[in-house]
Undergrad: 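Dropping the structure in here first, questions after.
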Amino acid sequence: MRHLFATVAGKAVKAVARLRGGGSALPGLVAERIDPQFLPRTLGNLPRGVVVISGTNGKTTTTKMVVELLQGQGLKVFTNRTGSNFTRGVVAAVLGDSDVRGRLDADIAVLELDEAHAVHFVKLVRPRYSLLLNVMRDQLDRFGEIETTAGFLRQIAAATTDAVVLNREDPRILALANAVTAPRIEYFGLAPQLRHMFPHDDEMRNAVAAEVPGATPGLEGGQPEGPRADVVLTACEGSAATFQADGHPIEVELKLTGVYNVFNAAAALVLARTVLGPAVDEPALLASLQNVTPAFGRGESLTVNGQPLDLVLVKNPAGFRLALKSFPAAGSRTMIAINDNYADGRDMSWLWDVDFDSLRETGVAEVSGVRAQDMGLRLFYEDVPVGRVDTDLNASLHRFIADDPDSPKRIYCTYTAMLALRRELGKLTEVEVVS
Amino acid sequence: MDAPVIDLLQLYPRDMNIYGDWGNVLVLRKRLALRGYDVRLHEYNPGDTFPEQVDLVVGGGGQDSGQNKIQADLLAQGGRLRELADDGLPMLAVCGLYQLFGHRFTTHTGEVITGIGLLDAETVGGPTRLIGNTVLDSDEFGTVIGYENHSGLTTLGVEVQPFGRVTKGDGNNGTDGTEGARYRNVIATYLHGSLLPKNPAVADYLIRHAAERRYGSFNDVALDIPHEAEARTDAAARPR
Ligand SMILES: [Zn+2]
């Protein structure tokens with residue numbers, strides 16, 4: 001009875017919160033307070049269990065990929081699509097999708113969870129599968145240190161019952177293998193010739209090694225091969241990718257761009273293959289994969305004045321470096337918008353760990369956002385020519401478009417800058433409404 | 001005539017490079033180059049040969065794991081570094097390296113990590129992290145702007161002076177108002193940001209002493225760096 005009451009109360013609060021335009025976590029809070037067994041009961045009974053996806057970069061798009069791959073195999077998938085990647089957000093999402101008795105009509109749940117929140121979550125519901133993507137410097141403001149974050153992921157790995165999927169190329173993720181208690185570990189990986197495109201944080205400063213003759217070469221050179229990976233990304237050219245899956249080459253044309261998205265597709269493939277087992281319908285899996293589009297707010301392509309305008313979300317040094325390597329600067333006009341609001345992180349130190357030399361040739365037309373001046377100073381010290389530095393985001397955006405209407409455009413932006421830019425772009429073109 | 005050379009040594013870049021301290025190296029290199037110096041950049045990691053000629057030393061913050069990796073090597077180099085500091089070699093030690101330049105670091109579990117005692121300072125692990133935008137008032141350098149992120153609480157001895165006094169932020173320990181340490185031409189601080197891009201007075205102090213110590217003079221050209229003043233103003237006004 002208590003459970004029924006919790007569901008009804010939660011749903012009532014959800015309706016009220018919607019009317020007020022409030023956040024998605026409040027109804028979850030109410031349900032959690034009234035019935036702490038709410039999540040174990042609703043999610044714990046799904047026929048194919050729960051999948052947890054965590055890591056610093058790429059969670060949202062990877063989760064979307066996994067969901068669509070599994071749906072393409074005929075599974076009913078529950079997911080926390082609204083970006084509520086913390087326990088209460090999951091409760092709220094369950095409330096939204098469950099009937100009045102709190103039953104979820106789904107075969108499997110695929111959940112994106114923030115590292116720290118995932119630890120809380122796995123104490124309530126042990127996932128059958130988990131996928132751990134990477135550990136990078138991102139949320140130091142919240143957690144203090146990378147090792148702390150790796151410790152969170154270790155607890156997720158340890159709590160998983162059936163299989164854990166790990167990134168073979170991230171040493172901190174690879175090291176989690178010894179924490180796994182599940183009978184099965186699978187890996188996704190990169191062919192050696194692609195590894196240089198994914199420097200992990202410990203290798204960031206090897207820029208020096210490349211620049212200074214005689215300087216110490218970094219760790220990159222003599223890395224051992226590591227365990228066998230179920231899916232390996234072997235080539236990536238724009239949106240065309242080649243994977244080696246279980247020894248067989250797969251060539252696909254994706255709707256995702258950026259090599260880091262393509263690498264996450266390898267992760268999604270491994271996870272889907274692990275969940276499905278021998279019953280997997282391979283052609284359907286590849287068809288689903290080719291249709292996946294990036295998750296909302298993780299970078300998207302709009303059309304303005306008949307020209308493409310890409311928004312690329314950047315939130316940490318590794319992500320920014322990967323984005324710069326993923327998209328060639330030539331042929332596009334570039335803008336960078338850096339905010340330091342709470343959701344972006346206050347610390348601007350990370351801008352100094354990104355190499356911007358790939359922008360030297362084309363320069364950056366507009367630098368904007370709350371910390372535009374910091375970014376301008378950063379580019380000066382990298383010898384990158386800058387058109388204009390202006391903290392007024394809308395003014396920068398309009399100049400950026402008007403000054404050269406006939407060229408393709410790309411804007412690298414932090415999270416709150418992206419939201420603001422989308423709002424303003426909505427006045428010029430069709431943009432999905434941001435709530 | 002060849003340009004005069006300055007040998008810049010980056011200490012432990014492999015294990016102690018987190019939180020954007022690379023920016024300090026970039027700034028020193030560029031500001032030296034703009035004044036006509038040829039910069040030779042050396043990386044020193046555990047087990048490497050210490051270069052013969054060093055004019056300027058910089059080192060950054062690290063994870064606890066990074067500090068463990070370098071500690072034995074740093075102790076082995078301690079005598080050399082103390083000698084160089086006593087001889088007036090300019091050094092910048094940020095965060096983790098600042099702590100290890102002191103006498104010791106006692107972690108919150110009671111483990112004692114021995115430092116090299118180059119600075120009369122000692123650190124104990126604190127219960128929380130002191131994080132946020134930070135502004136100092138320094139007699140030597142005016143307003144200093146940065147971002148602190150540390151859990152160690154440092155107390156200064158009588159042989160060193162504070163780098164500055166906090167007007168925003170926690171500083172060395174959150175209680176006595178001091179931030180960082182100064183000893184001869186050594187500057188130690190918890191400030192990242194990176195520190196030097198937005199604090200050109202500090203960068204030029206290090207450069208000046210490096211050049212004067214090696215060549216007896218410094219090519220003191222005023223630099224006009226775009227966005228420098230504005231970046232300072234904006235950063236100082238941001239919430240903690
Ligand atoms: Zn620090």
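Just so it is clear: chains get the letters A, B, ... in the order the sequence lines come, proteins before strands, and each one is counted from 1. From a predicted model like this one, the values you see are computed outputs, not experimental measurements.
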Undergrad: Quick one, A/Met348 and B/Tyr147 - any side-chain contact, counting heavy atoms below 4.5 Å?
TA: no

Undergrad: Under a 4.5 Å heavy-atom cut-off, does chain B meet the side chain of A/Val370, its backbone, both or neither?
TA: both

Undergrad: Search all heavy atoms of A/Tyr381 against all heavy atoms of B/Arg31 and return the closest pair with its distance.
TA: OH-NH1, 3.0 Å

Undergrad: Within this structure, what is the NE2-CG distance for the pair B/His192 and A/Asp347, rounded to the nearest 0.5 Å?
TA: 8.0 Å

Undergrad: Can you tell me how far CE of A/Met375 sits from NE2 of B/His227, rounded to the nearest 0.5 angstrom?
TA: 10.5 Å

Undergrad: Among B/Val27, B/Asn133, B/Leu26, single out the residue with the greatest number of heavy-atom pairs under 4.5 Å to chain A.
TA: B/Val27

Undergrad: Just jot down the side chain to side chain contact (heavy atoms under 4.5 Å, CB included) partners of A/Ser358, sequence neighbours excluded, or say none.
TA: A/Leu324

Undergrad: Are A/Phe380 and B/Lys30 side-chain neighbours, meaning at least one heavy-atom pair lies under 4.5 Å?
TA: yes

Undergrad: What residues of residues 194-210 of chain B sit under 4.5 Å from chain A when you count only heavy atoms?
TA: B/Ser194, B/Pro197, B/Lys198

Undergrad: Heavy atoms only: give me the nearest B/Trp22-A/Trp352 pair and the separation to one decimal.
TA: CD1-O, 3.3 Å

Undergrad: With a sphere of 6.0 Å drawn around CG of B/Asp224, does it hold more than 12 non-hydrogen atoms of other residues, nucleotides or ligands?
TA: no

Undergrad: Looking at chain A, which one of B/Gly132, B/Pro239, B/Ser151 has the largest number of heavy-atom pairs inside 4.5 Å, strictly under?
TA: B/Pro239

Undergrad: Grab the two heavy atoms, one from B/Pro226 and one from A/Leu377, that are nearest each other, plus how far apart they are.
TA: O-CD1, 3.6 Å

Undergrad: When rounded to the nearest 0.5 angstrom, what distance separates CG in A/Asp374 from CZ in B/Arg232?
TA: 11.5 Å

Undergrad: Using a strict 4.0 Å threshold on nitrogen-to-oxygen distance, state whether B/Asp234 and A/Arg371 make a salt bridge.
TA: no

Undergrad: Do you know the tightest heavy-atom contact between A/Ser349 and B/Gly193?
TA: OG-N, 3.2 Å

Undergrad: Is it the case that atom CZ in A/Arg388 sees more than 12 heavy atoms from other parts of the structure closer than 6.0 Å?
TA: no

Undergrad: Go through A/Thr391, A/Leu351, A/Asp383 and name the one with the most non-hydrogen pairs under 4.5 angstrom from chain B.
TA: A/Asp383

